[in-house]
Enquirer: 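Pasting in a structure now, in C-alpha cells, and then I'll have a few things to ask.
First the proteins, then the strands, lettered A, B, ... as listed; each starts at 1. Here the structure is a predicted model, which means the values were calculated and not measured.
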Amino acid sequence: MIEQLRETIAQAVPGVTLEIIQSTPAAQQPALLVDRDHAFATAKFLKENQQLDFCSCVTGVDYPKLGQIEVVYHLYSVAKKTGPVVLKVRAPRELEQCRVPSLTPLWRGCEFQEREAYDLFGVKFDGHPDLRRILMWDEFTDHPMRKDYVPPKDYEWEPTPHDDTLTRAVEVAGIIPPSAREELEKAKKK
Amino acid sequence: MIQQISPIPTGMIETQTIEVSIGPQHPSTHGVFRMDAVLDGETVVGLKPVMGYLHRNHEQLAERMTWLASIPYTDRLDYFNSMTNNWALCLSVEKLAGIKVPERAEYIRVIVSELTRILNHSCVIGFMLQDLGAWGTPLLYAFREREKILDLFESLSGARMMCNYMRFGGVRVDMTDAMVAQAKDIVAKFPRFLDEFEQLLSNNEVLLARCQKVGILPKELAINASISGPMARASGVDYDIRKVDKYGVYGRFDFRVPLGEVGDVYDRYYIRVLEMRESIKILNQALRDLPAGAFVAPEVKLRNFKIPPGDGYGRVEAPKGELGFYLVSDEGGKMPYRYHCRPPSFINLTTLEDMCLGHKVADVVIILGSVDIVLGEVDR
Amino acid sequence: MGFLGKGLFQGMAVTARNFVGTYFDRGTREKLVTYQYPEEKPPLPENSRSFPFLVYDGTPDAMRCVACKICETECPPQCIYIVMDRDEKGKPQQRPKVFDIDISVCMQCQICVEVCPFEAIKMDNDYEKSQYGRFDDLIEHLPDLLKSNEYYNEIKPTEAKAVDAKLKAEAEKKAKKGTSKPAAAAPAKPAAPAPAPKPATAPAGKITIPEDAPFTAEQRAWLAGFLSAGGVATSGTGVSPVAVAETTGETPVPLPEATPAAEAPAGGWPWHDPGLGMSQRMDLVKAAPLADKLMAAMAQTDCHACGYDCRGYADAIAAGSETDLSLCLPGEAETAKKLEELMKEAGKL
C-alpha cells in the first residue's frame, strides 16, 4: 500500500525523491522519507488528493550517527477514517542548515508542535508564522532534546545522602555534568 | 457640575489597546499557564497562550530509563487520568513489540479507562462552572462522585491518582470479585447523579446565557488544527479513536459517538454529559462480559524488556482527546531512543485565540475551562 | 418549556435535596464522603501503598534482602541506595550494610516490589511520614525500614499469605532436591581436611559457614537455613570452604573450549555458595571449563539481576550470546573485573 502511495506521489510531484523506512516489524507503520525541497509539495498533494486532513503528531528525532535530524509527521484522514501515513523529512544537524519547510500553512495543528520541535531540537521551519520557543524560556540558548546536549550546572543542587547512587546513574546516563561532579567529590571529602 | 460635562461623541477619542497577562498564577488558568491578551476595552483582540512553566522534559527523562520505568511518569502527565495515560504508553509499546494482551486484561483496561473518563468529565464540568462563578457546588458534587471512583482505584491499584496500574501485556493486579461488585455499584448509581447534575445545570438560565454562542469553533478549523476528543466532537467532527482504531476490545461494545452542532462552550459542556452516558453503557457491557483468565501476558518480562529496532506510533482516546506516543527503539532496545508524547490538551490550545477573539475577558476564562487542559500534560 | 428562571429553581431544588440528604446519610457515605481526618481515619484497602519497607522473618537479622541491588537499578527516580555488607576479609555477606530510601524522592510506584526476586521489599501503607527536617530526616535507613513478616501479614493479609505460601513451597522444593542428593543426605561428618592455612572446622552437613565468620548464633542459624534451602551441597567434595589466602585465580591449566556446562553434577556445583569468597570460588574451578570459571566469578545469589541465573549467565557469556560483562549487580566491580580477566585469558576479548 505504501508502495502504491509512493508511486502516486512520484507521478504527482515531479522530481521528488522518496524512500520507504520500515518501522518495527510488529508496528507495520512504514514511513515515507521525502527530500526537503519537495516536502511541502508532497504534503500538499497528500492533503488535497489523499484527504489526509488531520496532522496528528509532529516531532523531531536526533540521529547524531547520520548527522541528521528527522522531523516526523503522522497524518490521518478524518474524512476516510484511515491512517497513519508517516512522513519524514531530514535536515543536517548543524544549526544554520537545520531547516525544513513548515507544514503549518497546510495544517494549523502543526503550529505548536513545530514550535516545540524548534524549541527542543533546533529545527527551523521555513514559512512558520510564529516560530518562537514554546516550552523553554525565551532567553534559553540551547536545544535540550538533542543527544549531545549537556545540561548546565544545576544551581539548585544540594548534597543528599544518596549522592553515590546519583553518581552511578550519571555514569550510566551522563545526567550530571563534570562540573557538578567535582562539587560532589568535594562534598564527599567533607 | 455633572451636567456641564458634555458627552463625548464616539470616534473623537483614540482608544488604546491594553495588554493583559492573565496568569501564570491565576485560579482560572487551572495551573501555571499564561495568556497574553490584547484588549480593546473589554473585548479580546489578540491572545497568545504562553506555557512551559511546568516543563520538566518528561521525554528526556524517559529516554534515560527503561521502558518499564516510564510508566509511573506517565501518571504525572495528566494527573486526572493516569489510567488512560498508562494505557497509551502500554498500547504503543505493545504495538512496537507485537505483544498480545489477554482478554481479561483488555476488559479491565476498558473498565478503568471508562471510569476515568466519567471521573474526568464530571470534574471538568465542575471546574468550568467554577470558572463561571458557581462557587463550589457543582464542583464538589462532581468531586463527591469522583471520590467513589477513586476509592475503587485505590483498592484496585493501590493509589488514588498515581495509579501506575498497567503493564506491558496486561495490568499489574487482577480485579477481584469484590472490586467488580464495587464497580457495578458505582455504575448503577451514576446515572442518577448524572440526572441530578443535569437538572442542576443544563437548563440553568445563567449557564445558558454565559455559554451559548460563546467560543465557537468551526468544524473545518477543528479538523485542520488537529483538535481531538470531546472538543472536536462538540464542533461536529465525527472522530472517536475508540470507533476508528477499535483498539483493545472497543470493537465489541455498542455505543454511540455524540456530536455537537454549534461548537460553542455549551456544546462542549453538553457533549461531556452525553459521553458520560455512553461510558456508562460501555461499562455495563464490559462488566457483564468480563471474562476469566490471565490478566497479564506471561511471556512479557518485567525486567530486561527489549523492543526490536524501529519506530511506531500508538494512540488512545483519552478523556481529553487523542493521546499518542511516538517511540523509537534502537539496537540495544532496553531504553527508548526517542520517546515523544502527543498530549491532547497541548494541541487543543492551538485554537484558543480563534475562539476568544471578539469575546469579553470574562468569556476567555470559560472558553479555556471548556478546552479542558491539565498543565502537567501541556508542559510535560 | 416554562417561565424564565425555571432552570434556576430546579437547580436550587437539587441543592436543597442534597443539603437535606446529608443529614440522612449516616454511615452509607452516599452523600457525605468527607472524613474528619486527624480524628477519623479512612479505612485503607489492602492494596493501598505508600513507601517501601524491608521484610524480615523472626528477628531483624534474618532479613530477606540479599543486597542484590536490583531495586536500586530499576527504581525510576533512583531513590534507593544499597551497600552490601562485607566482613573484614571483603567477603560478601548477602545482606545490606546500608539500605537507604530517600522518601522525599520516592514516588511510591511499587516497581522495586515487583522486580524483587526475594520478596524482600514490600509496600507499607503508613502515610504519615512528615518530618521537620528537609534532608536527613527524610532518609529512611535500614533500621527504620526493617519490619517483621507479621506486620506485613497484618497490613496485607491476602498478599502476604500468598508470598508465605510461595516461599514455603520454594524452600520445600529445594530441600527435597537437596535430600535426594547423596552428598547432602549424608549424615553429619566433619569437612575433609583441606590444603588451607587454617584448620577446617566447618560445621557438619551441607552447611559450610566458616567458624571464623563474624556471625551471631542467630545469623548462623538463619544462614544455615538459607544455604540448605538453596540446595547448596558443598560437603563431600573434599574442598574446604575456609578462605585461602592470596591465591588469585591464576590458571596454569590450558583452557578448554568454552562449552556450555551441562546439568548440575550430582553434588551440585561446589562453588555455587554465596558464603564463599571470590578467591575460594576460583580455587574450586581451577581445572574446570570456562563456563564454570565464569560462573564461579559471580556472586552466586541466583538473583536474576542479569536476566539469567548464575549458571545461565555464565553459559551465555561462554557461548558468546551475551557480551555485556557488567550485569552481575551483587558481584559489583569485583565480578565484572574477574569476568573480563577470564575472558581475556580465554582469548575471547
Enquirer: Heavy-atom distance under 4.5 Å to chain B: side chain of A:I21, backbone, both or neither?
Expert: neither
Enquirer: For B:E299, does the CD atom sit with more than 12 other heavy atoms under 6.0 Å from it, leaving out its own atoms?
Expert: yes
Enquirer: Take a 6.0 Å sphere around NZ of B:K219 and say whether it holds more than 12 heavy atoms from other residues, nucleotides or ligands.
Expert: no
Enquirer: Is any side-chain N of the basic residue among A:K88 and B:D311 closer than 4.0 Å to the acidic one's carboxylate O?
Expert: yes
Enquirer: Less than 4.5 Å apart, any side-chain heavy atom of A:L120 and any of B:Q60?
Expert: no
Enquirer: Checking heavy atoms, do the side chain of B:D240, its backbone, both or neither come under 4.5 Å from chain A?
Expert: neither
Enquirer: Tell me, for A:P84 versus chain B, whether the close heavy atoms (under 4.5 Å) come from the side chain, the backbone, both or neither.
Expert: neither
Enquirer: Would A:E116 and B:R380 pass as an ion pair if we require N to O under 4.0 Å?
Expert: yes
Enquirer: Start with the C-alpha gap between B:K48 and A:D130, add the side-chain angles, then the distance that decides, and say whether side chain to side chain contact (heavy atoms under 4.5 Å, CB included) holds.
Expert: CA-CA 11 Å; B:K48 292 281 173 217; A:D130 183 22; 4.3 Å; yes
Enquirer: Quick one, B:E63 and A:M145 - any side-chain contact, counting heavy atoms below 4.5 Å?
Expert: yes
Enquirer: For chain B, which candidate among A:P144, A:C110, A:G109 shows the most heavy-atom pairs at distances under 4.5 Å?
Expert: A:G109
Enquirer: If you draw a 6.0 Å radius around CD in B:E261, do more than 12 non-hydrogen atoms from other residues or ligands fall strictly inside?
Expert: no
Enquirer: Which atom names give the shortest non-hydrogen contact between A:A26 and B:A97, and what distance separates them?
Expert: CB-C, 3.9 Å
Enquirer: Checking the side chain of B:N224 only, and the main-chain atoms of A:D53 only, is there a donor and an acceptor separated by less than 3.5 Å?
Expert: no
Enquirer: For A:K80, is the NZ atom crowded, meaning more than 12 foreign heavy atoms sit under 6.0 Å from it?
Expert: yes
Enquirer: Nearest 0.5 Å, please: how far is CD1 in B:I223 from SG in A:C55?
Expert: 13.5 Å
Enquirer: Side chain to side chain contact (heavy atoms under 4.5 Å, CB included) for A:L135 and B:D379? Distances and angles first, verdict last.
Expert: CA-CA 7 Å; A:L135 293 174; B:D379 293 343; 4.2 Å; yes
Enquirer: Picking from B:K243, B:R315, B:M65, B:E322, which has the most non-hydrogen pairs under 4.5 angstrom with chain A?
Expert: B:R315
Enquirer: Against chain B, label A:V86 side chain, backbone, both or neither, depending on which of its atoms sit under 4.5 Å from a heavy atom there.
Expert: neither
Enquirer: Counting only non-hydrogen atoms closer than 4.5 Å, does A:Q22 touch chain B with its backbone (N, CA, C, O), its side chain (CB onward), both, or neither?
Expert: backbone
Enquirer: Are A:Y73 and B:Y326, when compared by the centres of their aromatic rings, separated by less than 6.0 Å?
Expert: no
Enquirer: Does this structure show an ion pair linking A:D62 with B:R338, if we count only N-O contacts that are shorter than 4.0 Å?
Expert: no
Enquirer: Could you check whether A:F54 and B:Y239 have their ring centres less than 6.0 Å apart?
Expert: yes
Enquirer: I need the A:F112 CZ to B:T351 OG1 distance, nearest 0.5 Å.
Expert: 8.5 Å
Enquirer: For B:V328 versus A:Y63, what's the shortest heavy-atom pair and its separation?
Expert: CG1-OH, 3.9 Å
Enquirer: Can a donor-acceptor pair be found, under 3.5 Å and without considering hydrogens, that links the side chain of A:R108 to the backbone of B:S226?
Expert: no
Enquirer: To the closest 0.5 Å, what do you measure between NE2 (A:H74) and NE2 (B:H340)?
Expert: 9.0 Å
Enquirer: Which pair of heavy atoms, one from A:T24 and one from B:P308, lies closest together, and at what distance?
Expert: CG2-O, 3.4 Å
Enquirer: Determine yes or no for a side-chain-to-main-chain donor-acceptor pair under 3.5 angstrom, with A:K81 supplying the side chain and B:D238 the backbone.
Expert: yes
Enquirer: Which region of A:R133, side chain (C-beta onward) or backbone (N, CA, C, O), has a non-hydrogen atom less than 4.5 Å from a non-hydrogen atom of chain B, or is it both or neither?
Expert: neither
Enquirer: Taking only heavy atoms into account, what residues of residues 52-59 of chain B are found under 4.5 Å from chain A?
Expert: B:G52, B:H55, B:N57, B:E59
Enquirer: For the residue pair A:S23 / B:Y313, report whether a side-chain donor-acceptor contact shorter than 3.5 Å exists.
Expert: no
Enquirer: Relative to chain A, which segment of B:V378 carries a heavy atom at a distance below 4.5 Å: side chain, backbone, both, or neither?
Expert: backbone
Enquirer: If you compare all heavy atoms of B:I347 against all heavy atoms of A:S56, which two are closest, and at what distance to 0.1 Å?
Expert: CD1-O, 4.1 Å
